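Comments concern the structure below.
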Amino acid sequence: MRSSTFAQEVTQWYAVAARELPWRDGATTPWGVLVSEAMLQQTPVARVLPVWETWMARWPTAAMLAAQAPGEAVRAWGRLGYPRRALRLHRSAVAIVERHDGEVPASIEDLRALPGVGDYTAAAVAAFAFGVRVPVLDTNVRRVHARVFDGEPDATNGAPTVRERAAALDRLPLVDAPKVSIAVMELGALVCTSRAPRCEACPVAPRCGWLAAGRPAPTGARRSQTYAGTDRQARGRLLAVLRDSPDPVDRHALDVVWADDPQRARALDGLVADGLVEPLADGRYRLPA
DNA sequence: TAACCGTGGGC
DNA sequence: TGCCCAAGGTT
């Protein structure tokens, strides 16, 4: 019989091992938490940090961002990647002003209705900004649970199942649940990593099913992620030209950054369709006004 | 459901 | 060096 629980052990570890991140500072507003979660989607903390600081200094409230052109959000997003997130965050700011009086909503349902806010982000904002007891199932938390409790190398592919969600909820204490979620997330980010986990530094190693099983390797095929020469890379190149120019640019400025004509045209059309680029009547292009 | 959507750092 | 992957969301 153990004298402490999984949640307690991870929380105690967190107290001494956690990184100091500005959006975890108790003074951060719900808006600041939402901005951090949007930026952290598929993007490492180290790259988010400076952009988040700049962003929050410029737009400390949703209303201030909503008053700007969406292109300004795309420009400030810089090289974080997946720039549609910047557009969606701007649209969320507009929705927050229009539907919620400028205040980030606290309910999962209202959060989930914001553009760019899925199950994870809604749960994260509800938990970290408002203290709601809800499972926060990001890739880190799912991996930790899969290893410790199921003895598996990683969580299953695809969205969390109902039973996975229920199990995660069961493992949350009745008080201070968000603290446990952030601690487990941090454990997954710093110790129980996807590659080269540091089990010797893990506070729950003695109870870990995966470690007990001899750390079996994942079996399934991983996703391929070739990037060079893809439409994605082309889109990135084109958008970078617009981001870096204070004024609209002509076709030639875009032509020179991507040689393949049909692919460049396809990428540009896609950017326009996504609302990331605006064609002007004079044949030039700019970020959306 | 699986494909698509950026970018850069670590091993 | 190339591959892996990092607090996902949308269609």
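Chain naming here is simple, since letters A, B, ... match the order of the sequence lines and numbering starts at 1 in each. Being a predicted model, the structure only gives us computed values, none of them experimental.
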Quick check against the 3.5 Å criterion: does [X] have a side-chain atom that pairs as donor or acceptor with the backbone of [Y]?
X: A:Arg133; Y: A:Leu169; answer: yes
X: A:Arg198; Y: A:Val191; answer: no
X: A:Arg75; Y: A:Ser245; answer: yes

Atom [atom1] of [X] to atom [atom2] of [N]: distance rounded to whole Å?
X: A:Arg84; N: C:dG9; atom1: CZ; atom2: P; result: 13 Å
X: A:Gln41; N: C:dA6; atom1: CD; atom2: P; result: 15 Å
X: A:Leu187; N: C:dA6; atom1: CG; atom2: P; result: 14 Å
X: A:Arg195; N: C:dC3; atom1: CZ; atom2: C1'; result: 8 Å
X: A:Leu271; N: B:dG6; atom1: CG; atom2: P; result: 7 Å
X: A:Asp274; N: C:dT11; atom1: CG; atom2: C1'; result: 11 Å
X: A:Glu37; N: C:dA6; atom1: CD; atom2: P; result: 16 Å
X: A:Met185; N: C:dA7; atom1: CE; atom2: P; result: 9 Å

Would you measure the distance from the [atom1] atom in [N] across to the matching atom in [M] and give it in whole Å?
N: B:dG8; M: C:dG9; atom1: P; value: 23 Å
N: C:dA7; M: B:dC11; atom1: C1'; value: 22 Å
N: C:dT10; M: B:dT1; atom1: C1'; value: 13 Å

Closer than 4.0 Å, any side-chain N/O of [X] to the OP1 or OP2 of [N]?
X: A:Arg243; N: B:dT7; value: yes
X: A:Arg88; N: C:dG9; value: no
X: A:Thr43; N: C:dA6; value: no
X: A:Gln42; N: C:dA6; value: no
X: A:Arg79; N: B:dG6; value: no

Report which part of the nucleic acid [X] touches: base, sugar-phosphate, or nothing (heavy-atom distance under 4.0 Å, all strands).
X: A:Ala189; answer: sugar-phosphate
X: A:Leu21; answer: base
X: A:Gly81; answer: base
X: A:Leu239; answer: nothing
X: A:Trp77; answer: nothing

Looking only at the side chain of [X] (C-beta and beyond, no hydrogens), which of the listed nucleotides [options] gets closest?
X: A:Tyr82; options: C:dG8, B:dG9, C:dA7; result: C:dG8
X: A:Asp231; options: C:dA6, C:dG9, B:dC5; result: B:dC5
X: A:Pro44; options: C:dG9, C:dA7, C:dA6; result: C:dA6

Heavy-atom closest pair, residues A:Trp31 and A:Trp59:
NE1-O, 2.9 Å
Spacing of NE2 belonging to A:His100 relative to CG belonging to A:Leu114, to within rounding of 0.5 Å:
5.5 Å
Spatial distance of atom CD1 (A:Ile96) from atom CD (A:Glu103) [nearest 0.5 Å]
9.5 Å
Need to verify one output field. Residue with the more 5' nearest nucleotide on DNA chain C, A:Val45 or A:Val117?
A:Val45
Per nearest nucleotide of DNA chain C, the residue lying toward the 5' end, A:Thr193 or A:Asp119, is A:Thr193
Should the pair [X]-[Y] be classified as a salt bridge under the 4.0 Å nitrogen-to-oxygen rule?
X: A:Arg112; Y: A:Glu109; answer: no
X: A:Asp250; Y: A:Arg284; answer: no
X: A:Asp261; Y: A:Arg264; answer: yes

Give me each pair satisfying salt bridge (Lys or Arg N to Asp or Glu O under 4.0 Å) with a member in residues 23-47 of chain A, each pair once, sequence neighbours excluded.
A:Arg24-A:Glu186
Give the residues of residues 121-144 of chain A touching DNA chain C, defined as any heavy atom closer than 4.0 Å, sorted by residue number.
A:Thr121, A:Asp138, A:Thr139, A:Asn140, A:Arg143
Among residues 258-266 of chain A, which ones have heavy-atom contacts with DNA chain C below 4.0 Å?
none
Do we get A:Arg171 above A:Phe149's six-membered ring, with its NZ or CZ under 6.0 Å from the centre and within 45° of the axis?
yes
Any donor-acceptor pair under 3.5 Å between the side chain of A:Arg47 and the base of B:dT7?
yes
